[in-house]
2 protein chains.
Amino acid sequence: MKPVTVYDIAKEANVSVATVSRVLNNTAPVKKETRERIMELINKYQFQPNALARSLIKKETGMIGIILPDITNPFFPQVLSGFDREVRNKGYTYFLCDTMSADYDVADQYVRESQYLNALCEKQVDGIVMIGGRVDLAKPSRELVTEVLDIGKRVPILLINGDLPGASLHRVATDERLGAELAARHLLELGHRDIAIVGGYRNMRNTIQRTSGVVRTMERSGLKVRKEWVLGEGFSVDSGEAFIGQLLSMPERPTAVFCMNDLVAIGVLKGAVKAGLRVPRDLSIVGCDDIPFAANSIPGLTTISLKASELGRTAAEIFHKLIAGEKVRKTTVLQPELIVRESTAPIRA
Amino acid sequence: MKPVTVYDIAKEANVSVATVSRVLNNTAPVKKETRERIMELINKYQFQPNALARSLIKKETGMIGIILPDITNPFFPQVLSGFDREVRNKGYTYFLCDTMSADYDVADQYVRESQYLNALCEKQVDGIVMIGGRVDLAKPSRELVTEVLDIGKRVPILLINGDLPGASLHRVATDERLGAELAARHLLELGHRDIAIVGGYRNMRNTIQRTSGVVRTMERSGLKVRKEWVLGEGFSVDSGEAFIGQLLSMPERPTAVFCMNDLVAIGVLKGAVKAGLRVPRDLSIVGCDDIPFAANSIPGLTTISLKASELGRTAAEIFHKLIAGEKVRKTTVLQPELIVRESTAPIRA
DNA sequence: TCGTAAACGGTAACCGGTTTCACTAAGGGC
DNA sequence: GCCCTTAGTGAAACCGGTTACCGTTTACGA
């Protein structure tokens with residue numbers, strides 16, 4: 001069954017396609033009876049205008065692309081949810097481009113990132129938002145920068161919690177260093193002096209910033225972080241379990257662990273409990289991200305909220321302004337927040 | 001800067017657009033030098049063919065729509081991840097249409113479902129997959145059936161864990177009743193006789209099937225489920241906490257709780273621990289879904305795996321066949337699996 | 001009664017690709 | 001030498017909308 005088109009409607013209503021188009025978009029006055037006649041036919045045939053054809057000439061598609069590393073990491077659904085809520089009522093739909101989940105090969109991730117960037121561009125999306133992946137690298141490769149820059153000339157690109165020095169893209173980010181400082185200060189106030197830092201990847205900006213936030217805060221109090229207590233690499237629960245295993249096998253143990261994200265923190269918690277430690281009595285743990293599960297673990301996880309959903313919401317707002325042609329500040333910074341739950345406690349005397 | 005088109009390339013290469021199109025798709029032989037000349041220009045200008053224009057005439061877009069209730073519920077990212085893995089290498093991209101997250105108004109959810117269905121259809125997606133929402137209702141409304149049926153005539157629709165009697169759509173589902181039976185049998189084997197069933201919504205098929213699975217298994221052993229121990233409504237952690245609160249306030253308490261999903265189970269666990277119970281010593285808990293967190297809670301959650309990622313993968317496979325025009329069995333049923341962890345234990349004498 | 005602007009609507013160009021059809025030239029079999 | 005393929009290419013139609021441009025009516029004030 002061939003789909004009905006404006007031509008079919010026009011013919012049966014004895015008008016031109018232009019008129020049909022006009023009632024569709026009410027972009028010009030149409031006589032009441034004519035309009036009604038056309039509307040009737042539209043309902044009769046359940047006519048749905050072909051968005052491809054429309055977008056082709058209008059040069060806007062109402063489509064946005066979101067590139068992220070792993071939808072399976074609860075942080076991203078949070079971001080997405082904030083984003084979604086903001087765009088869905090404005091008639092936008094978005095492509096979800098997951099570069100890594102179900103397949104943790106970093107090299108593949110990077111090529112997929114490029115593939116998606118191109119695919120989205122060909123599909124004429126109105127904008128692209130990128131989270132994580134290569135834009136989160138401390139030193140993004142020259143090629144990436146030129147690639148993104150090139151695409152960025154054709155379609156607005158927005159970075160969430162990422163940066164591409166030299167590309168000068170719009171971005172919204174949480175102040176990660178401040179977040180880490182908040183966490184470190186909290187631990188210091190509880191009397192902890194021996195703090196480990198675990199997880200993340202040392203080539204990623206977030207890891208570097210968070211680490212430096214903790215180190216700096218310690219140093220301001222005249223304390224140091226032991227080198228052997230800084231453990232990488234990984235952002236998963238499993239890696240967290242491995243880290244705590246390593247720490248517990250050391251002759252001298254920290255009294256608190258700062259984890260690069262909540263997943264790692266959960267792994268640390270799990271490993272610690274398995275090893276017979278009681279949290280927070282024997283070990284304080286603080287995570288980062290405030291994924292929904294952080295509130296539901298036992299004990300509840302003290303963590304830094306990166307304001308995931310607000311990040312998404314803000315990104316969406318910026319997009320609207322960008323698409324509407326408004327001037328927007330290049331960088332928007334959100335404030336992290338320390339969420340104190342039950343996984344941290346004063347050090348025992 | 002106007003984007004470059006096949007015409008620009010053709011002109012500069014002194015060929016017709018037809019030839020450019022031919023090298024782009026290599027759909028017909030082109031002389032080697034001509035091809036090279038064109039390829040050079042394509043690289044020079046970073047030419048990206050406009051997918052809208054292409055799709056308009058090809059009548060295939062390489063776009064799929066996924067409608068689900070709440071990306072924030074970890075079950076769905078799992079499904080998505082399986083789906084993604086299967087489609088991404090075939091060049092498909094998909095729209096994520098979240099109908100509920102960040103806004104738990106069921107009425108809104110339903111209108112959004114319709115809106116997305118239409119929007120996706122207008123965007124000429126090659127297929128639509130629906131999970132949850134109205135297609136998960138025990139008695140879907142007449143209107144929904146005709147609506148979906150109508151859309152379904154234009155684009156293939158696939159239901160995951162849902163059904164629309166009368167619409168005869170393709171669907172892939174896990175045998176939910178069997179899953180519940182597995183759980184119940186496990187509890188019976190551990191000696192439990194007093195089992196509560198909490199969570200879900202009584203107008204949803206999954207809730208009805210799972211409940212009946214438990215009830216039936218009990219009855220086969222000559223046991224009954226007490227009416228006052230069957231508690232609804234809700235799929236969230238908070239509702240789980242409320243349910244256990246209610247149960248604990250009753251004069252007679254169950255020794256085990258079957259939860260309609262893992263989120264509820266986590267809530268029950270949390271509430272039980274807060275109330276001073278020890279799990280599984282004082283109370284056995286079994287969930288459903290096997291979300292990633294189930295393995296990471298303390299104690300680890302015994303649960304029924306609905307094979308989320310396999311569900312997604314299978315859906316993707318079916319789509320490929322459907323789009324390729326192959327004949328596909330209407331219904332594919334996956335087997336659930338009991339995952340025994342630490343939240344269930346033999347009843348104490 | 002006339003002039004002018006607003007209302008109304010049609011024609012055709014346009015968006016940027018793909019594909020059919022027709023044509024030329026070269027190669028191969030007889 | 002003739003016919004048939006096949007390689008290589010271009011012109012133009014097509015996909016299904018929107019819109020610039022223009023012509024005809026109609027309403028209304030002078």
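So that the names make sense, note that chain A is the first sequence line, chain B the second, and so on, each numbered from 1.
- In this structure, A:Q124 atom CD and C:dC15 atom P are separated by 14 Å, rounded to whole Å.
- In this structure, B:T27 reaches neither bases nor backbone, as no heavy-atom distance under 4.0 Å exists between it and the strands shown.
- In this structure, NZ of B:K11 is placed 15 Å from P of D:dG10, rounded to the nearest angstrom.
- Between the side chain of B:T314 and the backbone N or O of B:E310 there is at least one donor-acceptor pair closer than 3.5 Å.
- B:N26 places its CG atom 14 Å from the P atom of D:dT9, with the value rounded to the nearest Å.
- Each of B:N73, B:L80, B:V79 was checked for a side-chain contact (heavy atoms from CB on, under 4.5 Å) with B:L68, and the lone residue meeting it is B:L80.
- Comparing C:dG9, C:dT19, D:dG17 against the side chain of A:T34 picks out C:dG9 as the nearest.
- Of the possible polar contacts, none joining the A:R171 side chain to the A:L159 backbone as a donor-acceptor pair under 3.5 Å is found.
- B:D8 comes within 4.0 angstrom of no nucleic acid atom, judged by non-hydrogen atoms across all strands.
- Counting any heavy atom pair closer than 4.0 Å across all strands shown, A:V20 reaches no nucleic acid atom.
- Using a 4.0 Å cut-off between charged side-chain N and carboxylate O, B:E317 and B:R313 make a salt bridge.
- Contacts between residues 41-61 of chain B and DNA chain D, defined by a heavy-atom separation under 4.0 Å, are made by B:L56, B:I57, B:K59.
- Proximity of a side-chain donor or acceptor of B:N118 to a complementary backbone N or O of B:S114 within less than 3.5 Å is detected.
- The strand DNA chain C forms stems, runs of 3 or more Watson-Crick or G-U wobble pairs with distances below 3.5 Å, at C:1-30 with D:1-30.
- Positionally, the nearest nucleotide of DNA chain C for A:P29 lies more toward the 5' end than for the other of B:T19 and A:P29.
- OP1 or OP2 of C:dG10 has at least one side-chain nitrogen or oxygen of A:S16 nearer than 4.0 Å.
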Report task. Kindly indicate, with the supporting measurements, whether the criterion side chain to side chain donor-acceptor pair (under 3.5 Å) is fulfilled by A:R88 and B:Q115. Result -> CA-CA 10 Å; A:R88 66 177 158 209; B:Q115 286 171 351; over 6 Å; no

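- The side chain of B:A18 sits closest to D:dA11 out of C:dT18, C:dG9, D:dA11.
- With hydrogens and angles left out, the side-chain atoms of A:Q109 and A:R134 include no donor and acceptor closer than 3.5 Å.
- Across all strands shown, B:S21 has heavy atoms under 4.0 Å from base atoms, whether or not it also approaches the sugar-phosphate.
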